[in-house]
Every structure is written in C-alpha cells, then in structure tokens.
Amino acid sequence: MDISFILNELGEERENYFNAIAPPIIQTSNFKFNTVNDFRNALADEFQGNLYSRGFNPTIDILRKKLAALDGAEDALVFGSGIAAITIPVLALLRAGDEVVCVENPYSWTIKLFQDFLPKFGIKTTFVNGSQVQEIENAISPKTRLIFLESPNTFSFDVQDLSAIAKIAKAKNIITMIDNSYCSPLYQQPIAYGIDLVAQSATKYLAGHSDVLAGVVTGDRKLIKQIFEKEYMNIGASLAPQNAWLLLRGLRTLPIRLEKITANANKVIEYLEQHEKVESVLYPFSKNSKQLDLAKKQMKACGGLLSIILKEASLQKIETFCNSLKHILMAVSWGGYESLIIPACAGIRITDFDLQQQRHTLIRIYVGLEEPEYLIKDLEQALERI
Ligand SMILES: *Cc1c(COP(=O)(O)O)cnc(C)c1O
C-alpha cells in the first residue's frame, strides 16, 4: 500500500463527519444500541465494533487501520503505553510452565517483565546473545512458546537475523515477537521476514512530539483477536481517544521527520567519529559495526539513536560531558523533536558502576529535528570541558 495513502486517507471516512479534513475525537466511553438483539450481538463479540471505549472507538479505529497497514499486518491493537503493547500480548500468549527465549538487555521494562513479573506465574525466560542465531536455537526447549527480539537494541544496537530466527521458530511452532521501536515501520518491516507480532512504543517516532504515551502491536487477525478478547480487555491499558488523535496527527509527518532526523544523525556521527576525545560511535549503519551487512540487509535506514564511548572514559568525564550540554537535554525517551542524552551510568548505582563493562560507559544520544550545526556546536563545547 502506498505510504501517502496510508497516512493521508486510509480509515478516514470523511462523509461520516461533515467532510471534515481532520478526523474527530470521539470522546465517549460508551455507545448506544436500538434493540436488545443488536445489543446482544455486540456484547457477544466486542471485537466486531463499538460498544465501550476500553475496547474499540472510532478514533482508535482509524489509528489501528493505519498502523496495521504501515507494518503490512492484518490488524493492530493500540495501548496506553509502549510497555503495555509488549506486556499484554506476552501475557496473552503464555501460560504457566511455558518458556521464553529473549535477547539479552532489551528495553529496561521488558527485562523486568521477563525477569521479575512472569516468574510469578511460573513462566521462565532464558536471555541470550541474539546476534548469534545459534545461541537462540540452543536456548529453545520443548516448552519454549515465544522468542522475543529487539532489533536493533536501543542502547547497544545489537541486531538479530529476523528471517533466520523466524524460520527456526516456525519449524518448532514458536511465536516470534519483536520490539521494532528503533526502526519504526518505515525503516524495518519484520512481518515481511516472517515475524508474527510487531510491538512498538508509539510514544517515540510515531507520535513524535514528546507529548503522548502510546503503544501498538500488529500481527495476523487471529492472534490480535486472541490478545484483544482476554488480556487486552481485562488489563484495560487502552489508549484515550484524545491521545489516538494526537498520534494520527503525528503520523502525518512521520516520513519527513524521520528523513530529517536520519540526515541530522549522519552529520552528528561524522563529527563525533573524527573527534579525538571520542573512542567509538555505536550505530547500526556505522562502517565499524560488526553487524553492518545484516543491518543493511533488513533495515532501510537507522534514524536518530546512537551511542558514544568517550576515550579513557571515567565516571567523572561522562558526568562532566553530559552536565555541560546546553541544548541537548538530559532526559529519558526519544523520537520527539528535541535532541536528548542519557548516560548509561545514570541508571546504575554508583557502587555498581564498572568501568570495565562497556555497557556502563555508553552515552546514548538521540538526534532530533534541530539543525545539525547547532547540535555539533553544543557537543563541541561539552567535549572541550573534558
Ligand atoms: C520507550 C520504549 C519502550 C516503552 O514504551 P513506553 O511508551 O515508554 O511505554 C519499549 N521499547 C523501547 C525500545 C523503548 O524505547
């Protein structure tokens, strides 16, 4: 489907709302029925239509159609946050005694889901280095029901071979799910590689303005319906119509934002790579990346997230550098208009900090929509301080 059609027209039945160009926010919790029979039919199968906005709502519906089409999927569910779009489908797919194979060091709350939350229900997870397909294969047991991927990872940018892993999983009847937040559907299409479920934090690129929390999962209709009917409705982490509308608005400019962000990131990387105080820059398409061929095979581009390691890094150097930035803001999240920085050491207790572990010394930078020269000037003056 044409991306312009998806973003500008798909799901928008303007004749239903006075031919308004922008869709309405249907700010309602519930919908009325004219006969008991209609009411009974709706209650019997809530997946079919509008009954109560914890399930579906017309503004949400437009968004679901667009997000499913962007991923090349049959259907989509949207959630009140990205982590709900991971947790709820995972809970729907698993039962006590099942096992999961998950890539090591995914998004922090994904780790907590598999490490702390699921064991309460008798579900065990094995974390493996996903860059080796063999390690994933070796971790599979007869009880494995799910393989969870995050490619690229959003801190270290490790990449997994999506089609090879999907093939192994299909042969063993194991469901594959990926967190595709890094690439967005514009830069990576996991379903085309055989992945079953694609989750994203829509808070990031899709919404794009640092003003809304949302999540999405896409896949075939049977799986989506299974997730909807029990865990989605029971846990109730639904997206509010107002936030669905903000997402629809954000989506209009997704291609142009990503294009500019990617171009900006490339200029910033070029600057950082030649800087004498920078040891290395981590980015999936970096010419130094060990996984460059695989990344280029399955991704169109990379976007604005990268990490750097300072030369002769120390806690003090990392802190001085980050504290000195004036325009690049220190904050969590990414995917909005503003450039951000987050040193890994901010998430580690000082007594646990280990200079020998590369993961501890990473400084993640998100390049936003500012002009690259403006960002480089800020980086320059902060690097001068160390
Ligand atoms: C932010 C993020 C999430 C969680 O999304 P929320 O919208 O914050 O709940 C999940 N995965 C990745 C890779 C993220 O960056």
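Counting starts at 1 for both ligands and their atoms, following the listed order. The analysis underlying the following values was restricted to heavy atoms, covering all of them including side chains, and did not include hydrogens, waters or symmetry mates.
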- Taking only heavy atoms of T154, which atoms of ligand 1 are found under 4.0 Å from at least one of them? 13 (C)
- Task: Give a yes/no on ligand 1: does G335 have at least one heavy atom closer than 4.0 angstrom to it?
- Result: no
- Message: Ring-plane angle category for F56 and Y232, please: parallel below 30°, perpendicular beyond 60°, tilted otherwise.
- Response: tilted
- Query: Taking distance alone, with no angle check, do I86 and ligand 1 share an N/O pair under 3.5 Å?
  - Reply: no
- Message: Exactly one of N30, I26, V78, I25 should register a side chain to side chain contact (heavy atoms under 4.5 Å, CB included) with N57. Which one does?
- Response: I26
- If you have a sec, work out which protein heavy atom is nearest atom 8 (O) of ligand 1 and how many Å separate them, to one decimal? Y107 OH, 3.9 Å
- Item | Polar atom proximity, E150 to ligand 1 (N or O, under 3.5 Å) | no
- Message: Polar contacts were defined as any N/O atom of the residue lying under 3.5 Å from an N/O atom of the ligand; does this apply to L213 and ligand 1?
- Response: no
- Task: Starting from atom 12 (C) of ligand 1, find the nearest protein heavy-atom neighbour and note its residue, name and distance.
- Result: D179 OD2, 3.4 Å
- Query: Under the 6.0 Å and 45° cation-pi test, does K112 pair with F117?
  - Reply: no
- Answer yes or no: is there an ion pair linking E371 with K260, defined by an N-O contact shorter than 4.0 Å? yes
- Heavy-atom side-chain proximity of W245 to L63 below 4.5 angstrom: no
- Message: Can you classify the ring geometry of F39 versus F33 as parallel (below 30°), tilted (30 to 60°) or perpendicular (above 60°)?
- Response: parallel
- Item | Sub-4.0 Å atoms of ligand 1 with respect to non-hydrogen atoms of A214 | 7 (O)
- ligand 1 atoms nearer than 4.0 angstrom to some heavy atom of I83 are 4 (C), 5 (O), 6 (P), 9 (O)
- K267 bridged to E370 by N-O distance under 4.0 Å: no
- Message: Suppose we measure from atom 5 (O) of ligand 1 to each protein heavy atom; which comes out shortest, and what is that distance?
- Response: S201 OG, 3.0 Å
- Message: In the structure I gave you, are the side-chain heavy atoms of S163 and D161 within less than 4.5 Å of one another anywhere?
- Response: yes
- Taking N or O atoms only and a 3.5 Å limit, does W334 qualify as a polar contact for ligand 1? yes
- for atom 7 (O) of ligand 1, nearest protein heavy atom and its distance come out as T203 OG1, 2.6 Å
- Show which atoms of ligand 1 fall inside a sub-4.0 Å distance from at least one heavy-atom site of G82. 5 (O), 6 (P), 7 (O), 9 (O)
- In the protein, what heavy atom is nearest to atom 15 (O) of ligand 1, and what distance, to one decimal place, separates them? K204 NZ, 2.7 Å
- Message: As a quick check of understanding, evaluate side-chain hydrogen bond (donor to acceptor under 3.5 Å, both in side chains) for S131 and D158, giving each step before the final call.
- Response: CA-CA 7 Å; S131 27; D158 300 326; 5.3 Å; no
